[in-house]
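What you see below is based on every heavy atom in this structure, not just the backbone, and it leaves out hydrogens, waters and symmetry mates.
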Amino acid sequence: MTATLRIAVRRFGPFERAIERQFADFVAETGVPARLEWEAFDLNPLHERLFGQRELATGRWDIAFLATDWLAEAQAGGLVADLDPWMAERPIPDHPDAWSPSLTRLPRFAGGTWGLPYHDGPECLVYRRDLLAAAGLPVPTTWDGFLATARALHAPEQGLYGTVLGLFPDGHNSFYDFCLHCWSRGGEPFGAHARPDLVTAPATAALDFLRALADDTSAVAPQSRALDSVGTGALFAEGRVALMANWFGFAVHADTAADSRVKGLVDVAPLPHGVSLNVFWVLAMAAGSTNPGLAWAFMRHVGQAAMDRITTEEGAVGTRRSTWTDPDINARLPYYHRLEWLHAHARELPHHPRLAEVAQAIDDMLARALSTDRPSRDLLAEAQARIEGIVG
């Protein structure tokens, strides 16, 4: 009898192609009589189906793509299975040493392991090295330098924008950008248990910079307010953005996508002041899975080196060190090995089951900042009070 494995996928072409190839390899190698049923969702619909409708518990899915900032919510809600018992029975080869500690540490908390790293890529500076070289500009190392470079390369009459922001209100990119800008200015926006500390000079400077940048018609793509992170990456791959603070994966996508106009012209560097953020996608086993043995067998298969390489070949970002240092991959993507450095310097968001609500509060604060002239400090005080009510 043929079993069906059901996977909820984050909508992104490289994820969809990679998971299909990996499942085909799984069936071919193991001989397991199984078929794959998957459905792709945009970010907020994925969260709504998995969490709002609790489809992780209903038996609708066996495996789901989860962002690491959702894991505490999933664990606290009893929506995902602890992988430690499965790992003890049938471990993944080379686990955990084949991964950076930052990738195995983040999904492990509350006495269990709640996901396996699938797609990696900390925040970094993604830029067109040909444009910077032609203009005689150095890679910027400060935010003032970032802004100056974006303005120098901004040429909308030629279809080129200096930079782009992902300002679509999905509770993610604006939240991440705000945290990065706080950290780069010496601030700590969240302490233990996600307790906010927002009414500070670094947080005020961060919000002031972001709201000024969003309105800077001499530097930023005008469609930024309608773009999520995938949209910003697509605009860069179209050759319409000179540099951006974004996920490493969008550099890879721009260098591998069949329709990219910037292949071979992409490079990455640390963000100004050396900050980075570690948020990644994992495969999690649904607590309500009707085929947990099959789910683990497939997850274990995907964790192998050859499958991780497929993730990269399809335009996402593998998570194993063997992929990061692979000579063939680095010949095509000469910045790939820098993932080790980025992970060594990346910051993490606090584990909290209501982190999505915290992120939405920051997102709403950014939306008000971009639509009013209210002082940043007042907006930050309101956000702090709201978040204190969320985290207790």
When you measure from the side chain of Ser184 to the backbone N and O of His181, does any donor-acceptor pair fall under 3.5 Å?
-> yes
For the side chain of Thr311 and the backbone of Val317, is there at least one donor-acceptor N/O pair under 3.5 Å apart?
-> no
Counting only N and O atoms by type, is there a donor-acceptor contact under 3.5 Å from the side chain of Thr30 to the main-chain atoms of Phe26?
-> yes
Just by distance, with hydrogens left out, do Thr4 and Arg35 show a side-chain donor and acceptor under 3.5 Å apart?
-> yes
Distance-only, no hydrogens or angles: does the Asp69 side chain make a donor-acceptor pair with backbone N or O of Leu349 under 3.5 Å?
-> no
Grab the two heavy atoms, one from Ala64 and one from Leu50, that are nearest each other, plus how far apart they are.
-> CB-CD1, 3.8 Å
Are a donor atom and an acceptor atom from the side chains of Asp228 and His172 found within less than 3.5 Å of each other?
-> no
When you look at Thr256 and Leu333, which way does the side-chain contact (heavy atoms from CB on, under 4.5 Å) test go after all the steps?
-> CA-CA 9 Å; Thr256 57; Leu333 306 167; 4.2 Å; yes
Determine, for Arg6 against Glu37, whether the closest basic-nitrogen to carboxylate-oxygen distance falls under 4.0 angstrom.
-> yes
Answer yes or no: is there a donor N or O on one side and an acceptor on the other, between the side chain of Asp326 and the main chain of Ile329, under 3.5 Å?
-> yes
So, the side chain of His154 versus the backbone of Thr217: is there a donor-acceptor pair under 3.5 Å, distance only?
-> yes
Does Arg225 come within less than 4.0 Å of Asp215, counting only side-chain N to carboxylate O?
-> yes
For the student: nearest non-hydrogen atoms of Phe190 and Ile387, plus distance = CE2-CD1, 4.1 Å
Side chain Arg354, main chain Ile390, donor-acceptor under 3.5 Å | yes
Ser218 versus Asp216, side-chain donor and acceptor atoms under 3.5 Å = yes
Report yes or no: do His337 and Thr325 form a side-chain donor-acceptor pair below 3.5 Å?
-> no
Give the C-alpha distance, both sets of side-chain angles, the deciding distance and a yes or no for side-chain contact (heavy atoms from CB on, under 4.5 Å) between Ile92 and Met299.
-> CA-CA 9 Å; Ile92 296 175; Met299 292 170 72; over 6 Å; no
Exceeds 12 heavy-atom contacts within 6.0 angstrom, atom CZ of Arg261 | no
Ion pair present between Glu382 and Arg374, side-chain N to carboxylate O less than 4.0 angstrom?
-> yes
Measure from the ring center of Phe41 to the ring center of Phe65 and say whether it is less than 6.0 Å.
-> no
Can Asp94 and Arg321 be counted as an ion pair, charged N to O under 4.0 angstrom?
-> no
Keeping the roles fixed (side chain from Asn330, backbone from Trp324), state whether a donor-acceptor pair exists under 3.5 Å.
-> yes
Mind listing the closest non-hydrogen atom pair of Ser289 and Pro292 along with its distance?
-> OG-N, 3.3 Å
Under 4.5 Å between any side-chain heavy atoms of Pro122 and Val279, yes or no?
-> no
Regarding Ser229 and Trp247, is there a side-chain donor-to-acceptor distance under 3.5 Å anywhere?
-> no
Salt bridge flag under 4.0 Å for residues Asp255 and Lys263 = no
Side chains of Tyr336 and Leu339: does their closest heavy-atom pair fall under 4.5 Å?
-> yes
Donor-acceptor pair between His47 and Glu73 side chains, under 3.5 angstrom | yes
Do the side chain of Thr232 and the main chain of Val164 share a donor and acceptor less than 3.5 angstrom apart?
-> no
What is the minimum heavy-atom distance between Ala295 and Leu5, and which atoms define it?
-> CA-CD1, 3.8 Å
Kindly determine whether Arg211 and Thr372 satisfy side-chain contact (heavy atoms from CB on, under 4.5 Å), including the steps that lead there.
-> CA-CA 10 Å; Arg211 68 196 303 189; Thr372 73; 4.3 Å; yes
Do Trp70 and Trp114 have ring centroids that are under 6.0 Å from one another?
-> no
Step by step, work out the side-chain hydrogen bond (donor to acceptor under 3.5 Å, both in side chains) result for Gln75 and His351.
-> CA-CA 11 Å; Gln75 184 273 330; His351 281 301; over 6 Å; no
Counting distance only, does the side-chain N/O of Arg320 pair as donor-acceptor with the main-chain N or O of Met307 below 3.5 Å?
-> no
Please determine if Arg386 and Asp364 form a salt bridge, counting it only when a charged side-chain N lies under 4.0 Å from a carboxylate O.
-> yes
Who else is in Met1's hydrophobic cluster (ILVMFWY, side-chain heavy atoms under 4.5 Å, direct or via others)?
-> none
Ring centres of His119 and Phe280 under 6.0 Å apart?
-> no
Provide the closest heavy-atom pair for Pro350 versus Gly191 in the form atom of the first, atom of the second, distance.
-> CB-O, 4.2 Å
Where Leu198 and Ala203 come nearest, the two heavy atoms and their spacing | O-CB, 3.0 Å
Is there a side-chain contact (heavy atoms from CB on, under 4.5 Å) between Gln223 and Leu235 once you walk through the steps?
-> CA-CA 10 Å; Gln223 57 267 62; Leu235 198 68; 3.7 Å; yes
Would you please name every residue forming a side chain to side chain donor-acceptor pair (under 3.5 Å) with Trp99, sequence neighbours left out?
-> Thr319
SB check Glu16 Arg11 (cutoff 4.0 Å) | no
Would you kindly say whether Trp61 and Glu39 are connected by a side-chain donor-acceptor distance under 3.5 Å?
-> no
So, Arg309 versus Thr323: side-chain donor-acceptor pair below 3.5 Å or not?
-> no
Verify the ring-centre separation between Phe12 and His253: is it less than 6.0 angstrom?
-> yes
Check whether the side chains of His301 and Gln304 place a donor and an acceptor atom closer than 3.5 Å, and report yes or no.
-> yes
For residues Val266 and Tyr127, determine if any side-chain heavy atom of one lies less than 4.5 Å from a side-chain heavy atom of the other.
-> no
So Phe15 and Tyr118, would you call those rings parallel, tilted or perpendicular, with 30° and 60° as cut-offs?
-> perpendicular
